[in-house]
Amino acid sequence: MQVNEKDFTFKVSAAGRINIIGEHIDYCGGKVFPAALSLKNTVYVRPNGTNKINLAWTTLPNKVTLDIDDLLSAKSLKYGNYQAGSAYFWKEAGHKVLGCDMIQDCTVPFGSGLSSSAAIEVSTIAALCAIAGEEIDPVEIAKVSQKAEREFAGVNCGIMDQYASACGKKNHAMLLDCKTITCEYVPIDLKDYSFVIINSKKPHALGESKYNERREETELGLEIMKKHVNIDCLAELTLDDFNKYGSELPGKVYDRVKHVVMECGRVHEAEEAMKSGDLVKLGKLLTESHNSLSKLYEVTGVELDTLARLGQEQPSCLGSRMIGGGFGGCTISIVKTSEVEAFKKAVCEEYKKEIGYDAECYSSDIADGIIVEKL
Ligand code: GLA
């Protein structure tokens, strides 16, 4: 469907995200290091004076009508469930949800690990705020969006994606403390290097159930460690205490907790590397993070492992890792800017040879989170 901007009252967008480092530790109270992308979901919205939200998409022929008094019944929709969940929890939180027409235009590729779902949830709520004349509170919107993802999409996710989508800042990464839900903005200055995002195009089937399983394993790990040390979340477990008491952790739970402890350490080192401009160090940390997600946390798979390895093998690349929940989706790599095109070509050609189908490259800037424009 085509959009005629002058038919709408507001144009509201929220960003997709990358995560430089700090994977699978947001739900353990860790610090993570995401940044918002110019790939985003845009909502064109106008009030319609009814108690219905009419949804249409620029990229789909579908049309869906949500009844504001019965949003729960939209939970099982294939398209429209994220919007319904967002509106439902926004209303539950005591906000005004007005009947409206929305056209959704998403440039974040679906299922890519770049948080298209967070971008949809956050932009939908921000659009509801705009037509209700409410002030935008990005942190509250992020928290409510996270609820929508948990309850309507069944992913027991942390706060990283929704926070980054709502609170992102142009040319900055966010050092987000997931325990306190506060962030420090860190300027991204990669000198003559760039981030390159490549999608493995592996459909991430079963990703949700495995994601929830990893969460349960870390929760069990926390419960056991709490018998020995005084901590509230796994991110507070020191390496010393892990070395002392880790043998109490059964089987895979040991590996999962080790990943969390080491990844928290890497985020801290990455913060220093980013602030001091030590890109070689930053690249190494990315590669170490990938190896840990592959071997200890087991959320990669042959496609992501191949893509990260092919990136790491290129002389123009300082490091490469999977991002997001895993089991499919994208890698990010730090690559010499003058070599980016050659890097993409070499990695994609070799990937096709080894995996049998094409990977896909994206170009994106680091951008603001929520943007509201009056039309
Ligand atoms: C998904 C979740 C996030 C986070 C990442 C892994 O993107 O939505 O909360 O847990 O996986 O770091």
Side-chain angles (χ1 to χ4, degrees), residues 15-39 113-115 118-119 138-139 142 146 157-191 193-197 233-236 259-293 297 299 308 311 317-326 329-335 364-369:
R17 62 105 192 86
I18 49 169
N19 183 23
I20 298 168
I21 199 160
E23 216 65 88
H24 279 281
I25 57 172
D26 61 342
Y27 50 80
C28 300
K31 281 192 183 177
V32 296
F33 213 3
L37 296 173
S38 52
L39 296 168
L114 300 177
S115 294
V139 177
Q146 180 196 24
C157 65
I159 189 68
M160 173 170 76
D161 301 351
Q162 289 78 13
Y163 191 99
S165 177
C167 304
K169 185 167 159 185
K170 193 173 167 39
N171 297 331
H172 286 72
M174 286 159 269
L175 194 58
L176 166 62
D177 182 329
C178 299
K179 190 174 174 205
T180 58
I181 315 193
T182 53
C183 92
E184 177 194 343
Y185 290 101
V186 180
I188 297 182
D189 177 9
L190 296 184
K191 297 175 204 151
Y193 282 81
S194 303
F195 288 126
V196 173
I197 308 168
C233 56
L234 263 192
E236 288 173 352
H259 165 77
V260 172
V261 173
M262 303 300 285
E263 186 77 353
C264 288
R266 279 188 287 270
V267 173
H268 183 64
E269 287 184 71
E271 173 189 356
E272 285 173 359
M274 183 76 117
K275 288 179 177 168
S276 67
D278 188 347
L279 298 177
V280 172
K281 180 76 194 282
L282 188 63
K284 271 180 130 168
L285 292 164
L286 259 61
T287 294
E288 281 172 22
S289 168
H290 183 89
N291 293 340
S292 178
L293 289 157
Y297 220 69
V299 290
C317 175
L318 298 179
S320 182
R321 61 180 286 271
M322 60 144 275
I323 51 175
C330 292
T331 57
I332 60 163
S333 311
I334 303 179
V335 181
S364 178
D365 297 326
I366 304 301
D368 288 328

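Between L282 and I334, the closest side-chain pair of non-hydrogen atoms falls below 4.5 Å. Within the 4.5 Å cutoff, the side chain of C167 has heavy atoms near those of the V139 side chain. Counting only heavy atoms from C-beta outward, the side chains of F33 and M174 never approach each other to under 4.5 Å. Here the side chains of D189 and M274 are not in contact, with every heavy-atom distance at 4.5 Å or above. Residues C157 and Q162 have side chains in contact (heavy-atom distance under 4.5 Å, counting atoms from C-beta outward). At a threshold of 4.5 Å between non-hydrogen side-chain atoms, the residues L39 and L114 count as touching. With a 4.5 Å cut-off on side-chain heavy atoms, M262 and E288 do not count as touching. At least one side-chain heavy atom of V267 sits less than 4.5 Å from a side-chain heavy atom of L175.
A distance of 7.5 Å separates CG in L293 from NE2 in H290, rounded to the nearest 0.5 Å. We find the OG-CD1 distance between S364 and I332 to be 11.5 Å, quoted to the nearest 0.5 Å. With rounding to the nearest 0.5 Å, the separation of SG in C183 from NE2 in H172 is 10.0 Å. Remark: I188 CD1 to D365 CG distance equals 10.5 Å, nearest 0.5 Å.
Legend: residues meeting side chain to side chain donor-acceptor pair (under 3.5 Å) with Y27, ordered by chain and number and at least two apart, are H24, Y297. In this structure, the side chain to side chain donor-acceptor pair (under 3.5 Å) partners of E263, at least two apart in sequence or on a different chain, are R266, S289. Remark: K275 pairs with E184, E271 by the side chain to side chain donor-acceptor pair (under 3.5 Å) rule, at least two apart or across chains. For K169, there are no side chain to side chain donor-acceptor pair (under 3.5 Å) partners, not counting sequence neighbours. Annotation: salt bridge (charged side-chain N to carboxylate O under 4.0 Å, His left out) contacts of E272 (sequence neighbours excluded): none. Applying the side chain to side chain contact (heavy atoms under 4.5 Å, CB included) test to D177 and every residue at least two apart in sequence or in another chain returns K31, K179, T180, T182.
Among all heavy-atom pairs drawn from I25 and V32, the shortest one is CG1-CG1, 3.8 Å. Taking all atoms of both residues into account, the shortest heavy-atom contact from A36 to G168 is CB-CA, 3.7 Å. Annotation for P34 and R17: closest pair CB-CD, 4.2 Å, computed over non-hydrogen atoms. When every heavy atom of A15 is checked against every heavy atom of A119, the shortest pair comes out as O-CB, 3.5 Å. Summarising the geometry of L279 relative to L190, their closest heavy-atom pair is CD1-O, 3.2 Å, with the distance given to 0.1 Å. Among all heavy-atom pairs drawn from C264 and G30, the shortest one is SG-CA, 4.4 Å.
Between the side chain of S38 and the backbone N or O of A367, no donor-acceptor pair lies under 3.5 Å. D161 places no side-chain N or O within donor-acceptor distance of the main-chain N or O of S115, the cut-off being under 3.5 Å. Listed for the N19 side chain is a donor-acceptor partner under 3.5 Å among the backbone atoms of G22.
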(request) Let me see the working for F195 and I20 under side chain to side chain contact (heavy atoms under 4.5 Å, CB included), right down to the final yes or no. (result) CA-CA 9 Å; F195 288 126; I20 298 168; 3.8 Å; yes
(message) Evaluate I197 against T331 for side chain to side chain contact (heavy atoms under 4.5 Å, CB included), listing each step before the verdict.
(response) CA-CA 6 Å; I197 308 168; T331 57; over 6 Å; no
(request) Decide side chain to side chain contact (heavy atoms under 4.5 Å, CB included) for V299 and M322; before the verdict, give the C-alpha distance in whole Å, the side-chain angles of both, and the deciding distance to 0.1 Å. (result) CA-CA 9 Å; V299 290; M322 60 144 275; 4.0 Å; yes
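No more than 12 heavy atoms of other residues, nucleotides or ligands lie within 6.0 Å of NE2 in H268, so this atom counts as exposed by the packing criterion.
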